[in-house]
Amino acid sequence: MPIPTLKTILKHQNQCRVIGSRFKTSSVQYVASRFRDPTFEKLMDKHKNLLKVIAIQDLILANPTNNPPSVSLDFLSRLSQKLHLNRGAASFLRKYPHIFHIFYDPNKFQTFCRLTDAAMRVSRQEAEAINASLDVVVDRLVRLLSMSTTKSLPLRAVFKVWRELGLPDDFEDSIISRNSHIFKLVDAHEPNTHILMLTDEMRDKRFVACVENWRVMECCRENSAVDRTEIRYSFKHSYPPGMRLVRDFKAKVKEWQRLPYVGPYEEMGEKKRSKAGIMGLEKRAVAIVHEFLSLTVERMVEVEKISHFRKSLAIDLNIRDLFLDHPGMFYLSTKGKRHTVFLREGYERGCLIDPNPVYNARRKLLDLVEKDTLFFLEKDMKGGV
């Protein structure tokens, strides 16, 4: 029996003005009919090329034996399809002269690509920012494990989001091995699979969820008129300009906000199949993904990546649909042939409200991407090749 969620009452203005309940639309239709937020769409327009740049950057830096670190153009060309380089590796690299430098090695009779000095500086700044915040990184990882029902996660799932969590690329050694009083790795039942666990002394540690801190701040604001009974189980909601909300939807959201639920760090207990119990499970799932996004460096993650945590975090719902069900909290983008979700409250005018050093370093790489993109747009307008 499918679990009913807010989707069944969501009335969402688009071409047809109202979307019916879930059983009348496919998941693809549901994604296509969502309200487009131009601010987040513009942000993802920038990020879709940045992600390709980062993928190539990681391949270059993975070859430290080359001096300077570099990869052959032939190697990148073979990966063009996987990296979504539609016009080929060479064409893509030439679009970003502030980031990539193509050169010919006469000793190896091959053309190679390395990072420019500017891109190398940004890469070092990001690494330094990560190393300077290892305590924060450890806390993020402990919190993520603490949300799991078994206080453990498959290591391969953590690998999926190492960059989103701001982990060093050698986190198995620099984080896990060096904190053996906090973490332990055990073999799973499947071959070549490991489970990352909290040690016994860490399993009972208690955390306060990000949304709970927000509620306290809302109540403590100067001249606050917040009704504490109203905000007790609430999440912050905001909607983009132009998204008209019908009265019924507003009423349902208000009703949903009042629903009690089990927090992301609390023991779930026995699942109840009553209507209230099912809605409580859905609200707990929202709390978990809200906290997950709050732990990420940029308050964003690919939906496919977070889906790897569904079983461990006891989320019985389709995560993508869960984000669509709550447009006041999350924004789902489909730019760049991937589904990416943003925590709406973390952003204002396309920028992180509470930036951190790692995010700031990554923005500098995005600035280089934008500089080259703007250069080629101007060149095209002038009739350049």
Side-chain angles (χ1 to χ4, degrees), residues 2-3 5-8 10 12-15 19 22 25-55 58 81-86 144 147 153-154 156-165 235 237-240 243 282 285-313 315-347 350 352 359 362 366 369:
I3 297 176
T5 67
L6 197 59
K7 185 188 309 177
T8 57
L10 178 60
H12 185 22
Q13 289 71 31
N14 199 20
Q15 293 177 350
I19 293 177
R22 177 68 186 94
T25 61
S26 69
S27 289
V28 174
Q29 289 172 319
Y30 192 38
V31 171
S33 62
R34 76 196 187 285
F35 184 90
R36 264 58 161 198
D37 187 326
T39 301
F40 284 106
E41 290 298 295
K42 185 178 179 181
L43 181 60
M44 266 312 295
D45 263 331
K46 301 173 184 177
H47 268 82
K48 65 183 181 182
N49 286 326
L50 174 65
L51 293 172
K52 297 176 186 179
V53 166
I54 289 173
D58 288 348
Q81 187 174 359
K82 185 176 181 180
L83 297 173
H84 304 294
L85 309 180
N86 300 330
L144 188 58
M147 285 195 287
L153 293 168
R156 63 172 178 264
V158 179
F159 267 113
K160 293 282 185 183
V161 293
W162 70 272
R163 186 181 294 279
E164 286 80 359
L165 294 175
F235 290 83
H237 279 64
S238 62
Y239 298 93
M243 184 174 182
E282 187 230 349
V286 169
I288 289 172
V289 294
H290 180 280
E291 186 71 3
F292 192 112
L293 282 164
S294 299
L295 295 176
T296 62
V297 170
E298 300 176 75
R299 307 297 186 266
M300 59 180 281
V301 70
E302 283 183 50
V303 176
E304 182 271 332
K305 291 182 178 181
I306 199 172
S307 293
H308 287 271
F309 294 87
R310 277 186 60 196
K311 183 178 179 181
S312 299
L313 301 180
I315 298 176
D316 295 331
L317 301 164
N318 182 304
I319 289 181
R320 180 185 59 185
D321 290 347
L322 195 68
F323 293 135
L324 291 170
D325 289 342
H326 299 274
M329 296 169 61
F330 311 110
Y331 183 71
L332 183 73
S333 172
T334 60
K335 293 275 187 181
K337 297 182 179 180
R338 51 171 57 85
H339 288 181
T340 304
V341 64
F342 293 84
L343 184 61
R344 187 179 287 281
E345 69 193 56
Y347 282 82
L352 208 61
Y359 168 83
R362 291 178 182 176
L366 180 58
V369 171

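What you see is a predicted model, and the numbers here were worked out from it, not measured in a lab.
With values rounded to the nearest 0.5 angstrom, E164 atom CD is found 9.0 Å from W162 atom CH2. Between atom CG of residue L313 and atom CD1 of residue I319 there is a gap of 7.5 Å, rounded to the nearest 0.5 Å. Expressed to the nearest 0.5 Å, how far CE of M329 lies from CG of L293 amounts to 9.5 Å. Atom CD1 of I54 is separated from atom CZ of R362 by 7.0 Å, given to the nearest 0.5 angstrom. To the nearest 0.5 Å, atoms NZ (K160) and CG (L165) are separated by 14.0 Å. The distance from atom CE of M243 to atom CZ of R34, rounded to the nearest 0.5 Å, is 11.5 Å.
Side chains of L51 and H84 form no contact here, defined as non-hydrogen atoms less than 4.5 Å apart. The closest side-chain heavy-atom distance from P240 to F35 is below 4.5 Å. Using a 4.5 Å heavy-atom threshold, the side chains of H308 and R156 count as separate.
No donor-acceptor pair under 3.5 Å is formed between the side chain of R310 and the backbone N or O of S307. The backbone N or O of L85 sits nowhere less than 3.5 Å from a side-chain atom of K52 that would complete a donor-acceptor pair. The backbone N or O of F309 sits nowhere less than 3.5 Å from a side-chain atom of S312 that would complete a donor-acceptor pair. The backbone N or O of L352 lies less than 3.5 Å from a partner atom in the side chain of Y359, making a donor-acceptor pair. Although no hydrogens or angles enter the test, the distance criterion places a donor-acceptor pair under 3.5 Å between the side chain of Y331 and the main chain of D37. Looking at H47, its side chain does come within 3.5 Å of a backbone N or O of L43 through a donor-acceptor pair.
Applying the salt bridge (Lys or Arg N to Asp or Glu O under 4.0 Å) rule to K335 yields the partners D45; only residues at least two apart in sequence or on another chain are considered.
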**OP:** Output, in order, the C-alpha distance, side-chain angles, deciding distance and verdict of salt bridge (charged side-chain N to carboxylate O under 4.0 Å, His left out) for R36 and E41.
**Re:** CA-CA 7 Å; R36 264 58 161 198; E41 290 298 295; 5.4 Å; no
Subject >> Full working for side chain to side chain contact (heavy atoms under 4.5 Å, CB included) between K46 and L366 >> reply: CA-CA 8 Å; K46 301 173 184 177; L366 180 58; 3.8 Å; yes
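Evaluated for a ring-ring contact (aromatic ring centres under 6.0 Å, His included) with F330, the options F292, F323, F235 yield exactly one hit, F323. The side-chain hydrogen bond (donor to acceptor under 3.5 Å, both in side chains) test with H326 is passed by exactly one of H290, E282, R344: E282. R320 pairs with exactly one of L332, I306, D325 by the side-chain contact (heavy atoms from CB on, under 4.5 Å) rule, that one being L332.
In this structure, L324 and V31 approach most closely via the heavy-atom pair CD1-CG2, 3.7 Å.
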